[in-house]
Amino acid sequence: MIAALAATVLCAAAWWRGAGPERVLAGLMVVVIAVHQFYHFAAKGAIVYAGLDMGHLVIDLILFVDMAAVALFANRVYPMWMAGAQLIALTSYFYRYLPGPVREEVYDIMATLPFLFQIFVLGLGLGWHIARRRRRGEYRSWCTSGPPHHGS
Amino acid sequence: MGAAGHDKCWIYDDIFRDLTDKQREVLGLIANNFTSKEIAYELGISESAVNQRIEAVRGRTGSPPRAELARAYRRFLGEEVQANAESPPEDIGLAMVAPVAAPAVVPICSPDPRSPSVSRGGVDGQGRDVAEAPSVVPGIFEGRNGGWNRSAAIVVIAAGILLVAGAGLSVVHYLAELL
């Protein structure tokens, strides 16, 4: 609940004061919360297959792909940290299949902390963006790639 | 922008007349909406060298936003061309490249009408980003291998967070056993 509230407040702040990457990432987090609630409502619980919650797996996989895309193309550093945290959330699904005893607290940390970490990092990123824009003026939101060319 | 803004742009003219050839080269391309990376590619120099020349000019002009500097230099070039209309100008090289679609009557030192509002940031109406500035990300994350380096960074970050969390958990377990 606190994470959902924090994400919603961040989303509003990102739309107000952020640029493209901030808005996309904050919007993603709010959408994930909404989709997560809808999934449990629609599935009347969870859809489990081979010991894996398939709904959560799909949500986390899509979120990782989206965050990685922002991390690859944004003129920012912090989205890479968010994508890294999301990668941890993804690997948590396969932690149970590793040889050796499964420690539930390790699984819980891998499954839940990434989202909280992402909210924290997004807040920091938004603050840095605001400070940077105040210091330098407007600057690029997205990076170009490959050899530069001046389009006509 | 009020009269104070226009006065400030006239002060730029005095500074523009005292620029070095290298600074003129760079400003001429900025006036044509080239990014720092494109200028570096065009002039065969490093992007940091481009930014150094830009910052040297910005430092003398009171650090205006890059877009404002571009517009002021575009207007200054237009006046220079007009003043030299009778006799061909000496070789000024790239500094005399005609501005691309330079508006005839656009208030100087005011937001470019083709650009979105300042609060939005991002790309302008021609798909070019607003007000180029030194890149936020380290150079290793840009260019041809930027994508691969960023992907590697994501994996390294994930591994690093796991290591730190694992170490923290071990410490907590150890302390719990002590108690």
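Keep in mind that this is a model prediction, so the values were computed, not measured. Every chain is numbered from 1 and lettered A, B, ... according to where its sequence line falls, protein lines coming before strand lines.
For the pair B:Glu142 and B:Val137, the minimum side-chain heavy-atom distance is below 4.5 Å. Side-chain atoms of A:Arg17 and A:His129, non-hydrogen and from C-beta on, never get closer than 4.5 Å to each other.
The aromatic rings of A:His40 and A:His56 sit perpendicular, their planes meeting at an angle over 60°, well past the 30° parallel limit.
Between B:Arg66 and A:Glu138, no side-chain nitrogen of the basic residue sits less than 4.0 Å from a carboxylate oxygen of the acidic one, so the salt-bridge criterion is not met.
Within residues 146-158 of chain B, the residues having any heavy atom less than 4.5 Å from a heavy atom of chain A are, in residue-number order, B:Gly147, B:Arg150, B:Ser151, B:Ala153, B:Ile154, B:Val155, B:Ile157, B:Ala158.
Environment of CZ in A:Phe120: sparse, with no more than 12 heavy atoms of neighbouring residues, nucleotides or ligands closer than 6.0 Å.
Looking at A:Met82, neither its backbone nor its side chain comes within 4.5 Å of chain B, counting heavy atoms on both sides.
Remark: B:His173 engages no residue in a ring pair (Phe, Tyr, Trp, His ring centres under 6.0 Å) (not counting sequence neighbours).
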